[in-house]
Structure formats: structure tokens, C-alpha cells
Amino acid sequence: MVDLKDKDYVAIVQCHIVKERCSGYNCEKAFNERTGGFSAYPKDKAYRMLNLTCGGCCGRALQRKLSNLIRRIKKQEQIGKDRIVVKLASCLTKDNFHSSPCPHLDYLKSLITKLGLDMCEDTYIYEKSEKRRKEGLYNASSR
Ligand code: SF4
Ligand code: SF4
């Protein structure tokens with residue numbers, strides 16, 4: 001269990017394909033309002049936040065991107081990786097009407113783990129989709 005009170009920096013990883021048409025606004029809004037996947041983040045704490053994509057299937061570029069973040073933030077601001085939390089955006093983690101979860105999710109998680117970074121899942125959560133997920137409406141057999 002990641003203790004978010006110990007973190008100062010949130011790196012949101014979004015699906016590269018989805019970001020071709022999504023600004024990421026709903027992720028940013030959920031973060032700002034501490035809703036959805038951010039509801040456990042203390043409201044009175046001023047986290048820094050960065051958005052990045054996986055770089056495209058199979059997501060291998062993520063390792064280089066996050067390594068770059070770890071190096072630069074350490075060198076320039078002495079922020080250690082223990083103060084960073086990686087947040088996997090809902091477009092990677094959740095099933096919905098438009099698409100299935102990322103087929104490389106386990107691989108992406110293994111890259112993040114290899115870098116020694118803590119991670120959590122989900123960002124913006126659309127209530128209607130969450131209800132449909134609970135009802136099993138996105139199961140392959142019901143499509
Ligand atoms: S979770 Fe939603 S708002 Fe965030 S990047 Fe993915 S599609 Fe865009
Ligand atoms: S690896 Fe997953 S998150 Fe990245 S572009 Fe492909 S489907 Fe999207």
C-alpha cells in the first residue's frame with residue numbers, strides 16, 4: 001500500500017494511442033479536485049504533477065521516460081524516487097465502451113517496478129462507466 005502522504009510528485013502515465021485525441025483534461029480535473037483515483041490524496045497538500053504517455057505499444061519507452069524523470073529531478077531538485085508516485089491513467093487500467101484496458105499493462109507495471117517507483121492505478125473515473133463495469137456490461141461476451 002503506497003502512503004500518499006510521503007509523496008510529493010505524481011507522474012500520470014496515459015495511453016499513447018488514446019492521447020492522440022485526448023487532452024488529458026479529465027485526468028487533470030480529477031487530480032485538481034481529488035476525485036476518482038485521486039480521492040485518497042490529501043486535499044491540503046500541494047503535489048507537483050506531470051503527464052506523460054507510455055510512448056506507444058508495447059510501452060517500452062516508458063522505462064526511458066521515467067528514468068529521465070528520476071535522474072533530472074534528483075539532480076536539479078534533490079527529489080528522490082521515494083517521493084514520486086506513478087499513477088496509471090484509467091485509459092490504461094479500465095474497461096469501457098471505447099476500449100479495453102491496455103494489453104501490456106503487466107509489462108508496464110514491471111518496468112515501473114524495475115525502476116523502484118511506487119505506483120497506483122486509476123485517474124478520472126466516469127460514474128456511468130463504473131456502473132456499467134460493475135454490471136458486467138463490458139465483458140467480451142456481452143459486447
Ligand atoms: S484517463 Fe481519460 S482523460 Fe485521462 S488521458 Fe486517459 S482518456 Fe484522457
Ligand atoms: S502499450 Fe498500452 S497504454 Fe501504451 S499505447 Fe499501447 S495500449 Fe496504450
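Counting starts at 1 for both ligands and their atoms, following the listed order. Index from 1, following the sequence. From a predicted model like this one, the values you see are computed outputs, not experimental measurements.
Distance check: Ile125 CD1 to Glu130 CD gives 5.0 Å after rounding to the nearest 0.5 Å. Ile73 CD1 to Leu69 CG: the interatomic distance, rounded to the nearest 0.5 Å, is 5.0 Å.
Under 4.0 angstrom from ligand 1, the non-hydrogen atoms of Cys22 all belong to its side chain.
The closest side-chain donor-acceptor pair between Glu28 and Asn51, if any, does not fall under 3.5 angstrom.
Among all protein heavy atoms, the one lying closest to atom 5 (S) of ligand 2 is Cys54 SG, 3.4 Å. Ranking protein heavy atoms by distance to atom 1 (S) of ligand 2, first place goes to His104 CD2, 3.5 Å. For atom 8 (Fe) of ligand 2, the nearest non-hydrogen atom of the protein is Cys15 SG, 2.4 Å. With hydrogens left out, the protein atom closest to atom 7 (S) of ligand 1 is Val18 CG1, 3.4 Å, a heavy atom. Closest to atom 6 (Fe) of ligand 1, if we only count protein heavy atoms, is Cys91 SG, 2.4 Å.
Every atom of ligand 2 is numbered from 1 in the order shown, and the set under 4.0 Å from a heavy atom of Leu92 is 3 (S). Residue His16 approaches ligand 2 through these ligand atoms, each under 4.0 Å from one of its heavy atoms: 5 (S). Residue Ile17 approaches ligand 2 through these ligand atoms, each under 4.0 Å from one of its heavy atoms: 5 (S). Against a heavy-atom cut-off of under 4.0 Å, Cys58 is close to the following atoms of ligand 2: 1 (S). Every atom of ligand 2 is numbered from 1 in the order shown, and the set under 4.0 Å from a heavy atom of Cys57 is 1 (S), 5 (S), 6 (Fe), 7 (S). Applying the 4.0 Å criterion to heavy atoms of Thr123 picks out, from ligand 1, the atoms 1 (S). The Asn26 neighbourhood of ligand 1 comprises atoms 3 (S), with distances under 4.0 Å to a heavy atom of that residue. Near Lys19, the atoms of ligand 1 lying under 4.0 angstrom from a non-hydrogen atom of the residue are 5 (S).
Lys45 has a carboxylate O that lies under 4.0 Å from a charged side-chain N of Asp8, or vice versa, which qualifies the two as a salt bridge. Using a 4.0 Å cut-off between a side-chain N of Lys or Arg and a carboxylate O of Asp or Glu, Arg48 and Glu77 qualify as a salt bridge.
Ring geometry for Tyr41 against Phe38 counts as perpendicular: the plane angle is over 60°, on a 0 to 90° scale with 30° as the lower cut.
When distances to atom 2 (Fe) of ligand 2 are checked against a cut-off of 2.8 Å, Cys102 contributes an N, O or S atom below that limit. In summary, no N, O or S atom of Cys27 is located under 2.8 Å from atom 6 (Fe) of ligand 1.
Heavy atoms from other residues, nucleotides or ligands lying under 6.0 Å from NZ of Lys29 number 12 at most.
Smallest separation of non-hydrogen atoms from Ser90 and Thr123: OG-N, 2.9 Å. Residues Lys65 and Thr53 approach most closely at NZ-O, 3.0 Å, considering heavy atoms.
Remark: distances from the non-hydrogen atoms of Pro103 to ligand 2 include one below 4.0 Å.
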**OP:** Could you walk me through whether Glu127 and Lys131 pass salt bridge (Lys or Arg N to Asp or Glu O under 4.0 Å), step by step?
**Re:** CA-CA 6 Å; Glu127 269 178 38; Lys131 187 169 173 278; over 6 Å; no
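Of the listed residues (Ile12, Leu105, Asp122), just one forms a side-chain contact (heavy atoms from CB on, under 4.5 Å) with Leu88, and that residue is Leu105.
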